[in-house]
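Worksheet: one structure, shown below.
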2 protein chains.
Amino acid sequence: MEISARKKKILAAVVDEYIRTAEPVGSKTIAEKANMGCSSATIRNELSELTSLGYLEQPHTSAGRVPSPQGYRFYVNELMERQKLSIEEAETINARLSEKMEQLDRLMTDAGRLAGQLTGYPALALSTPRAVAAKRFDLLYVDSNTFIIVILLENNTVRNKLVHLPFSVEQGQIQKLSALFNAGFTGLTEEEITPVLISATERAARDNMGLTSIIAAFTIETLTQSRAGEAFVTGESSLLQQPEFRDPDKAHRVISYLSDSHHLMGLPAVTEENGVRVIIGPENLAEELRDSSVVMASYDAGEGQRGLIGVVGPLRMDYSAVAAKLRYIADGLSRLLGSGEAPAGFGKMILKGDVSTDEHE
Amino acid sequence: MEISARKKKILAAVVDEYIRTAEPVGSKTIAEKANMGCSSATIRNELSELTSLGYLEQPHTSAGRVPSPQGYRFYVNELMERQKLSIEEAETINARLSEKMEQLDRLMTDAGRLAGQLTGYPALALSTPRAVAAKRFDLLYVDSNTFIIVILLENNTVRNKLVHLPFSVEQGQIQKLSALFNAGFTGLTEEEITPVLISATERAARDNMGLTSIIAAFTIETLTQSRAGEAFVTGESSLLQQPEFRDPDKAHRVISYLSDSHHLMGLPAVTEENGVRVIIGPENLAEELRDSSVVMASYDAGEGQRGLIGVVGPLRMDYSAVAAKLRYIADGLSRLLGSGEAPAGFGKMILKGDVSTDEHE
DNA sequence: GCTGGCACTCTCACTTTCCGAGTGCTAAAT
DNA sequence: ATTTAGCACTCGGAAAGTGAGAGTGCCAGC
């Protein structure tokens, strides 16, 4: 059954009002605020039907209505107005992004922080997991028992480690090893490389007193970490300002869940498509987030990788404003990091449908 | 005036009991729990005097006593028993530290995390600011318009950056630059190097199309960052479990204060000496921490740098246990990182003392 | 100087009361 | 057929009231 236009208008009014005030919304309020052309009694009838349809809930028999998760879902899908950013907000975002574009590695967390500051909710930033391979190895001889391992990954991040040895090596030995690794172990992902490295280590065990094993271990560790992606949360405590998280235990459950980046890595699995995604309360896979909502936007991080920024808040979240802000930030990031960035010669994996260049803005 | 031994014993009993229960402590409780040789009435008299001396407070006329900040201070300075760690705790710490010793850069945050987990309070980890110099530069040629800058700092951390150029360079050019930087710019702190680099950049402007400037900028940035030190907080939300932070606003004030690492950098200024330092409530310089206590331990991070780990909690903190744990962790870190710096760092770390037997310093 | 006793105080937890926002229903009006 | 006004009813939550208990201060006697 299709929902009448008037019901939609009423539902939208309830959600908007509830988002604003955090108080259950009564028929009278709606009759006055939203200028429906009818009286509160009529609205009561409609409300009653919306309730039995499952879009609204009553905290108790004689209170106003509150949107149900299903109500929020309908609101997000069909009713919500696509909100525009104020000029100042857009400028803030642009300024903050371009100021950071020099430091690509920090950009991800800074974007999360920005999202949090703009929305007032705890924000998360994550890079989606993806198996990467090493593109190049360098071993830098520092002194007779110190050298640095530098690994350049396919996604153009660089990892390094300083190694102190309990014995001496010669520069030539280091150089030889460097060449060896470059020749044999580039282009392999962690899964592929592990067995190869293990056998190589065994073969070389006698020759170089474990040098190979040190480098191999760091390589595997690096590839594993990069594959797992990263996750950051900022501004957890702003959750405490939301009335629905006045209960410290409830807040603590959510915050400590978020603080474990291990948990967060589960989120992006759900988010393949582009654009903004809203996960409302019970839709969350994680028990701990069942009465929170998550809004996420993904962006093209270049080199075929995608990143994700998002915020976590109560069901009564200002979805419209949050979505607009996240979308804007994510678009900005895509433009900064996205396909353009790749030097010629790297395969450009442009996920299409990216970046709404679009109709409503 | 000197405080009588019995008063001390009573004061200690009040603090211990209050730390345990978070409830105001009455005369009867003390008479029963601590085996004083006297009745509750006597204790009442003593309590009354301790109150007028400023060591105790009464929430209201007819409630038990609660330690005042001054009372905690006296307790920490003179009454507190130096607590021993259980063997399991000591082993946990040893295990966790040695497991991490490979990754020096992460060790600092991991130590903080460990402190937090062990104590149940939010934990902070920071490195004290100190000017460092670059020990060595390497430029790695990747392809005709990409190279990597690797900078090894005096304190043996390594920083790197991948640079994409909008034009081509030759490998020889990169190598020449590398030699140039190593010859001219090692051993200088940020302050010293900045003017030198600026003039060098100007001189080279024509020759290499800004290559020098890119490297110079990264160098300055790196030295500046390292000089500023770093600060991390973990486990903020565990504060919510403390009864005194049930008020979300209060908790939010403290947590959001802690979340800004900028603020944290102010703390270590107070902590020059070695060992454990306790800052009780109003002793905190920061308004926001006036009803929290901070316990910190510093460690020798090698290369003349010191690090700091600490926890933040309510006034009613278990100072004795917290101090013991922090001290133990800090000692472990000093041994791992400290002046010895044994490149043969794979040796076994046995931390003695502070654990089993009853020895004082 | 210590102790038992006693009157007094004050908080907290619990109950009771009461108000009003908001509902659902019905009957009249459009 | 839909909308509206009116009205009785419900129920949560604030406000006020109550009682018990923990703890104190003080005094008189040991």
Task: Residues A/Glu288, A/Arg253; criterion salt bridge (charged side-chain N to carboxylate O under 4.0 Å, His left out); working and verdict - done: CA-CA 7 Å; A/Glu288 288 83 351; A/Arg253 268 198 302 281; over 6 Å; no
Open item on the list: If you compare every side-chain N and O of A/Arg65 against the phosphate oxygens of C/dT23 (OP1, OP2), does one of them come in below 4.0 Å?
Closed with: yes
Task: For atom CZ of A/Arg44 and atom C1' of D/dT2, their distance in whole Å - done: 15 Å
Open item on the list: Looking only at the side chain of A/His60 (C-beta and beyond, no hydrogens), which of the listed nucleotides C/dC10, D/dG12, C/dT23 gets closest?
Closed with: D/dG12
Open item on the list: Below the 4.0 Å mark, does D/dT4 have OP1 or OP2 next to a side-chain nitrogen or oxygen of A/Ser39?
Closed with: yes
Open item on the list: Output the rounded distance in Å from CG (A/Asn45) to P (C/dA27).
Closed with: 15 Å
Task: Whole-Å gap separating P (C/dC2) and CD1 (B/Ile30) - done: 15 Å
Open item on the list: Just N and O in the side chain of B/Ser62: are any of them under 4.0 Å from OP1 or OP2 of C/dT9?
Closed with: no
TODO: Could you tell me whether A/Thr42 contacts a base, only the sugar-phosphate backbone, or nothing, with contacts defined as non-hydrogen atoms closer than 4.0 Å?
DONE: base
TODO: Grab the CD-P distance between B/Glu23 and C/dC10 for me, whole Å please.
DONE: 20 Å
- [ ] Classify the nucleic acid contact of B/Ala63 as base, sugar-phosphate or nothing, counting any heavy atom under 4.0 Å across all strands shown.
- [x] sugar-phosphate
Open item on the list: Quick check on A/His60: does its NE2 atom have over 12 non-hydrogen neighbours (other residues, nucleotides or ligands) under 6.0 Å away?
Closed with: yes
Open item on the list: Counting distance alone, no hydrogens or angles: does the base of C/dG1 have a donor or acceptor under 3.5 Å from a partner atom on the side chain of B/Arg6?
Closed with: no
Open item on the list: Without decimals, in angstroms, what is the distance between B/Glu57 CD and D/dG23 C1'?
Closed with: 17 Å
Task: B/Ser27 side-chain N/O to D/dT24 phosphate OP1/OP2 under 4.0 Å - done: yes
TODO: Choose from C/dT23, D/dT10, D/dT24 the nucleotide whose nearest atom is closest to any side-chain atom of B/Leu47.
DONE: D/dT24
- [ ] Starting at atom CD1 of A/Ile43, determine the distance to atom P of C/dT23, rounded to an integer number of angstrom.
- [x] 10 Å
Open item on the list: Parallel, tilted or perpendicular, judged at 30° and 60°: which one describes the rings of A/Tyr257 and A/His263?
Closed with: parallel
Task: Between CD on residue B/Glu244 and CZ on residue B/Arg246, distance to nearest 0.5 Å - done: 10.5 Å
Open item on the list: Could you measure the distance from the NZ atom of A/Lys325 to the CG atom of A/Asp318? Nearest 0.5 Å is fine.
Closed with: 7.0 Å
- [ ] Provide, to the nearest angstrom, the distance between the CD atom belonging to A/Glu46 and the C1' atom belonging to C/dC25.
- [x] 16 Å
- [ ] Nearest whole angstrom, please: distance from the C1' of D/dG23 to the CD of B/Gln58.
- [x] 9 Å
